[in-house]
Amino acid sequence: SAASDVYKRQCLSNMKKFFYLSALSLGMMCSITACSDDDTTTVDAKNLDYTAENASSWGNYMRVVAQLLVNDATALHDDWAVKYNEGDSYANFFKNQDAQRSVQQLIDGCVDIANEVGTAKIGDPYDLYVGKEEERALYAVESWYSWHSREDYRNNIYSIRNAYYGSRNNEIKELSLSEAVKAKDADLDAQVKKAISDAAAAIWNIPSPFRNNINSQETVKAMEACATLEQVLKNDLKKCVEGLDNSVLKKVVENYVDVVVLPTYADLKSYNQLLFNAVEVFRTSPSNANFKACAEAWLKAREPWETSEAFLFGPVADKGLDPNMDSWPLDQDGIVQILTSGNYSNLDWDGDYDEDDDKIAAAQALRGYHTLEYLIFKDGEARTIQ
C-alpha cells in the first residue's frame with residue numbers, strides 16, 4: 001500500500017542516517033586509518049594514492065564495484081520495464097493500481113528527497129560544523145571526493161521537478177501533475193513551481209565546493225528553501241490532489257512512468273555500462289588519461305541516479321538497490337582492507353533485503369558510486385598515477 005511504502009522509505013531514511021552518523025563516529029575513533037583484524041595496518045585511508053604497489057588491486061576493485069553498479073542498474077531498469085518478482089513489470093503495476101494511490105506515492109517520493117537534501121545531505125554537515133565538530137562535518141558531505149555535492153543535491157531537486165512537470169527537460173507536459181493541479185488551483189501550481197526553482201537555485205548559490213563552505217549563509221538559505229519545498233508538497237499539494245478525478249490522475253501516472261521514470265532508468269543502465277567500460281580500459285591500460293575518462297564516465301552515470309531519487313519506491317527500496325548503489329558515508333577503512341586482501345565477497349550479500357541487517361549494511365558501505373568515487377577522484381579531480 002501507499003502507506004506501507006511511505007513507512008518503508010522513512011525507515012530506510014532513518015537507517016541511513018543512523019549508519020551515517022555511526023560510521024562518522026567510527027571513522028573519527030580510528031583516526032581514519034585502516035583497522036585490520038589485529039589492528040596492525042597503518043595505511044592512511046584519507047591520503048591513500050594509486051601506486052605501482054597497489055595498482056593491480058586498485059584496478060580490480062574498481063572493476064568489481066563498476067560491475068556491481070551495472071548489475072544493480074540493470075536489475076532496477078528491468079524490474080520497472082520488464083518483469084518484477086516473476087510478475088508483470090512494476091511500470092504496469094504502478095499504472096494499473098488506483099491512480100490516487102500512485103500519485104500520492106509520487107508526491108511522497110518528492111517530499112522524502114526534499115527533506116533528505118535539506119536536513120541530511122546539507123543539514124547534517126552544517127549541524128556538525130556549527131557544533132564545533134568540523135572534521136566530522138567534512139566527512140558528512142556526500143560526494144566530496146569529486147567536489148560534486150552541489151550538482152548531486154540540485155539534481156535531487158530536479159528529480160522533484162521532473163516528477164511534477166512530467167518531463168526530463170524542464171518542459172511542462174500536457175499530462176503532467178503540474179497541469180492537473182493548475183486546472184484546479186493555478187496559484188498552488190505557481191507556488192510549487194517557485195518552491196522547486198528556489199530550492200535548486202539556493203543549492204547552486206552555495207559556493208563551490210560545498211565541503212569548503214559548509215558554514216555559509218548560502219547553506220542556511222538552501223536548507224530553508226528545501227524545507228519550504230517539503231512543506232508545500234507535503235501539505236498543500238497532497239491535499240489538492242485528493243480532490244482530483246481518477247481519470248485525470250491515471251493519465252498523469254502513465255505520462256510520469258513513460259516519460260520520466262523509464263527513460264531515467266534506461267539512462268542509468270546505459271551510463272553505468274559505459275562507466276564499467278571506462279573502468280575496464282583503465283584497469284588494463286592504466287594512465288592519467290584513462291583515469292580522467294573514468295572520472296568523466298562516473299559523473300555521467302551519476303546524473304540519472306540523482307535525478308531518480310524522487311521515486312525511491314518499489315524495487316529500488318524493496319531490494320536494497322538504493323543503499324547498494326549510493327551508501328554514504330563510506331567505510332574507508334574497510335575499503336583499504338579490500339584493497340589489501342582482495343576479498344571482494346565482502347561486497348556481496350544474498351537473500352531478502354533487510355534494512356536492519358548490519359552485515360548487509362557493511363557490504364553496502366564497500367561498494368556503489370561513492371566507493372568508485374573514492375577510487376577515481378581526489379580533491380575534486382581525477383586521480384593521477386604516482
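These numbers come from a predicted model, not from an experiment.
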> Which of these passes ring-ring contact (aromatic ring centres under 6.0 Å, His included) with Y374: Y145, Y61, Y50, Y139?
Replying inline: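 With Y374 as partner, ring-ring contact (aromatic ring centres under 6.0 Å, His included) holds for just one option, Y145.
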Heavy-atom donor-acceptor pair, [X] side chain to [Y] backbone, under 3.5 Å:
{"X": "D98", "Y": "Q100", "result": "yes"}
{"X": "T219", "Y": "N215", "result": "no"}
{"X": "S270", "Y": "A266", "result": "no"}
{"X": "D267", "Y": "T264", "result": "no"}

Find out whether [X] and [Y] are in side-chain contact, i.e. whether some heavy atom of one side chain is under 4.5 Å from a heavy atom of the other.
{"X": "Y164", "Y": "D189", "answer": "yes"}
{"X": "L372", "Y": "L275", "answer": "yes"}
{"X": "M325", "Y": "L69", "answer": "yes"}
{"X": "L339", "Y": "N54", "answer": "no"}
{"X": "H370", "Y": "E373", "answer": "yes"}
{"X": "L244", "Y": "V241", "answer": "yes"}
{"X": "R283", "Y": "N290", "answer": "no"}

>> Is the terminal nitrogen or CZ of R150 (NZ for Lys, CZ for Arg) located under 6.0 angstrom from the six-membered ring centre of Y153 and within 45° of that ring's axis?
In response: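 No, R150 does not sit over the ring of Y153.
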>> As a test of understanding, state which of Y369, F210, W328 forms a side-chain contact (heavy atoms from CB on, under 4.5 Å) with E142.
In response: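 With E142 as partner, side-chain contact (heavy atoms from CB on, under 4.5 Å) holds for just one option, W328.
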> Per the side-chain contact (heavy atoms from CB on, under 4.5 Å) rule, which among D198, I113, I196, N162 passes with I157?
Replying inline: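 Between I157 and the candidates, side-chain contact (heavy atoms from CB on, under 4.5 Å) is satisfied uniquely by I196.
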>> Quick check: closest heavy atoms across N288 and T384, and the distance to 0.1 Å?
In response: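 For N288 versus T384, the nearest heavy atoms are OD1-CA, 3.3 Å.
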> Any idea which heavy atoms bring A293 and A278 closest together, and the distance?
Replying inline: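 Result for this residue pair: O-CB, 4.1 Å.
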> Using 4.0 Å as the upper bound for N to carboxylate O, is an ion pair formed by D326 and R302?
Replying inline: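 A salt bridge is present here (some side-chain N lies under 4.0 Å from a carboxylate O).
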>> Checking Y265 against F311 for the ring-ring contact (aromatic ring centres under 6.0 Å, His included) test, could you report, in this order, the C-alpha distance in whole Å, the side-chain angles of both residues, the deciding distance, and whether it holds?
In response: CA-CA 11 Å; Y265 284 149; F311 34 97; 5.5 Å; yes
>> Does either side chain, that of T51 or that of D49, offer a donor lying less than 3.5 Å from an acceptor on the other one?
In response: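 No, because no side-chain N or O of T51 sits under 3.5 Å from a partner of the opposite role on D49.
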> Just by distance, with hydrogens left out, do K121 and N156 show a side-chain donor and acceptor under 3.5 Å apart?
Replying inline: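 Indeed, the side chains of K121 and N156 share at least one donor-acceptor pair under 3.5 Å.
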